[in-house]
> 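First the structure, then my questions, so here it is.
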Amino acid sequence: MKLLQYDHLPAGLLERPAHELHDVLGGPALIHLEGKNPRPLFVSVLQHGNETTGWEAIRRLLKSHFEYNSLPRSLSLFIGNTRAAKHRLRHLDDQFDFNRCWPGGKYADSEPGKLFREVTDRMRALRPVASMDIHNNTGLNPHYAAINRVRPEFLRLASYFSSKVVYFTIPAGTQSMAFAKFCPATTLECGRAGRVHGVEHSIVFMETCLRLDNIPETSVSAEEVHLYHMVATVRIPDDVLFGFGNVPADIALRANLDSFNFHELPAGIAWGDIHEAPVKPLQATDVDGNDVTDDYFRFDRGLIETRRVVMPSMLTLDRRVIHQDCLCYLMEPVPFEDYADVTEYDILPEGLRRSDRPGDPAPGK
Ligand SMILES: [Zn+2]
């Protein structure tokens with residue numbers, strides 16, 4: 001796999017929907033487009049081939065700017081998994097998940113990992129004003145932004161997209177985590193693919209970043225950012241047969257389980273029925289990979305029940321996503337006092353606290 005780099009848009013590219021890009025590009029591509037302000041905005045789309053909102057937003061954004069021949073600032077566009085996009089899938093069975101292969105992740109030495117290191121090194125040298133990676137999800141989720149460092153400019157950047165902001169450090173090897181070392185970076189979750197609202201929302205966000213001189217380092221208010229901290233990943237073990245609604249499987253999850261996303265659930269809420277019970281029909285692991293299932297769930301009453309207050313995100317009814325990724329993530333709200341005047345914080349499983357480790361240097365400095 002070789003990284004294609006362009007200093008212009010390949011002819012006709014904007015006319016192509018996501019599933020036709022592979023015929024033109026043949027693989028991941030980094031396209032640099034010149035604007036008035038030379039310091040680029042970095043935009044990543046289609047890391048997951050079936051998450052088309054980012055590409056749709058870029059198509060429309062660039063068409064409108066090229067009509068007037070005026071990008072307010074340079075734009076470096078990364079187009080990710082074109083081969084999976086051709087098949088309208090997150091990734092193919094013979095591929096890694098691209099958004100686990102960036103520097104810092106355990107697949108960094110894989111073939112796509114080497115290519116992404118090249119992208120990272122090239123972009124670090126260009127000193128982007130900000131980085132955004134545009135995604136969709138399959139369940140019923142609000143639009144939200146995710147960050148990997150709790151710093152004023154990261155919170156500010158995320159707030160331009162949504163007041164719902166998620167801080168995460170798992171999974172490792174994501175694009176936003178790699179770029180967070182040298183510029184404000186965010187992952188945008190734009191709800192389901194194919195919805196016009198997600199496309200429009202992404203365009204507004206990109207326009208904002210294209211026009212700003214830089215991302216302000218002023219503190220955010222409690223209204224601007226509601227910060228959540230990702231504490232665990234929940235998976236269904238491979239040998240557990242599961243279904244949704246009234247089904248004769250080992251576990252029958254609620255038919256509308258994804259309506260729980262971004263809702264604070266008290267203890268004792270049932271996620272589904274256990275028919276044929278393996279000891280742990282769900283498995284929760286914390287940010288360090290420890291099994292924390294028993295902290296969050298109980299299974300002793302023929303039900304899958306929450307054991308304490310949790311807020312799930314990314315709950316999905318899509319079996320393929322559940323197999324390839326996970327059932328959901330669990331989050332806890334971070335009190336505003338804890339991020340009101342941050343310079344740099346680490347959020348640890350016990351809660352938020354000021355980093356006493358010598359951290360990475362401030363991005364862009
Ligand atoms: Zn994605």
Side-chain angles (χ1 to χ4, degrees), residues 17-19 21-22 28 42-58 77-93 95-102 104-105 107 110 112-113 115-116 119 131-148 158 161-162 164-180 185-195 197-199 201-202 205-206 228 230 233-235 258 261-262 312-329 331:
H19 66 273
L21 289 172
H22 194 68
F42 179 82
V43 179
S44 157
V45 302
L46 289 172
Q47 284 215 76
H48 296 141
N50 57 349
E51 300 176 11
T52 52
T53 286
W55 173 244
E56 288 304 317
I58 278 287
L77 169 65
F78 176 69
I79 303 177
N81 200 337
T82 56
R83 195 156 73 87
K86 182 172 180 159
H87 297 277
R88 302 170 203 255
L89 291 171
R90 180 183 174 92
H91 63 86
L92 302 180
D93 286 338
Q95 291 181 312
F96 287 112
D97 183 329
F98 274 22
N99 205 28
R100 306 290 181 270
C101 296
W102 293 79
Y107 306 119
S110 65
L115 189 141
F116 299 163
V119 174
S131 158
M132 74 190 66
D133 185 24
I134 307 178
H135 288 257
N136 294 106
N137 42 60
T138 49
L140 202 58
N141 284 285
H143 292 183
Y144 64 94
I147 55 173
N148 309 108
F161 186 69
S162 173
K164 291 187 176 65
V165 179
V166 175
Y167 169 80
F168 74 99
T169 53
I170 46 163
T174 61
Q175 184 277 331
S176 63
M177 214 177 284
F179 277 49
T186 184
T187 304
L188 306 184
E189 290 291 349
C190 302
R192 294 179 206 209
R195 307 275 165 108
H197 178 47
V199 174
H201 196 177
S202 307
F205 180 80
M206 285 191 280
Y228 304 96
M230 204 178 277
T233 308
V234 181
R235 293 191 175 81
D258 58 343
N261 281 328
F262 277 85
S313 66
M314 298 272 234
L315 269 170
T316 175
L317 311 182
D318 186 316
R319 308 184 68 89
R320 195 175 174 104
V321 173
I322 294 169
H323 279 299
Q324 284 193 338
D325 195 17
C326 62
L327 175 66
C328 69
Y329 296 101
M331 310 185 296

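Predicted model, so just to flag it, every value in this text is computed and none were measured. Each ligand, and each atom within it, is numbered from 1 in the order the structure gives.
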> Apply side-chain hydrogen bond (donor to acceptor under 3.5 Å, both in side chains) to T138 and D318, showing your working.
CA-CA 7 Å; T138 49; D318 186 316; 4.7 Å; no
> Just jot down the salt bridge (charged side-chain N to carboxylate O under 4.0 Å, His left out) partners of R320, sequence neighbours excluded, or say none.
D93
> With distance as the sole criterion, is a donor-acceptor pair present between the side chains of H19 and R88 under 3.5 Å?
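A pair is found: one side chain offers a donor N or O, the other an acceptor, under 3.5 Å apart.
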> So which N/O/S atom does E51 have closest to the Zn ion (ligand 1)?
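The nearest such atom is OE1.
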> What's the atom name of the N, O or S in H48 nearest to the Zn ion (ligand 1)?
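Closest N, O or S atom of H48 to the Zn ion (ligand 1): ND1.
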> So, of the N/O/S atoms that H135 has, which is the nearest one to the Zn ion (ligand 1)?
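Closest to the Zn ion (ligand 1) among those atoms: ND1.
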> With no hydrogens and no angle check, just 3.5 Å: does a side-chain donor-acceptor pair link N99 and Q175?
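N99 vs Q175: no donor-acceptor pair found between side chains.
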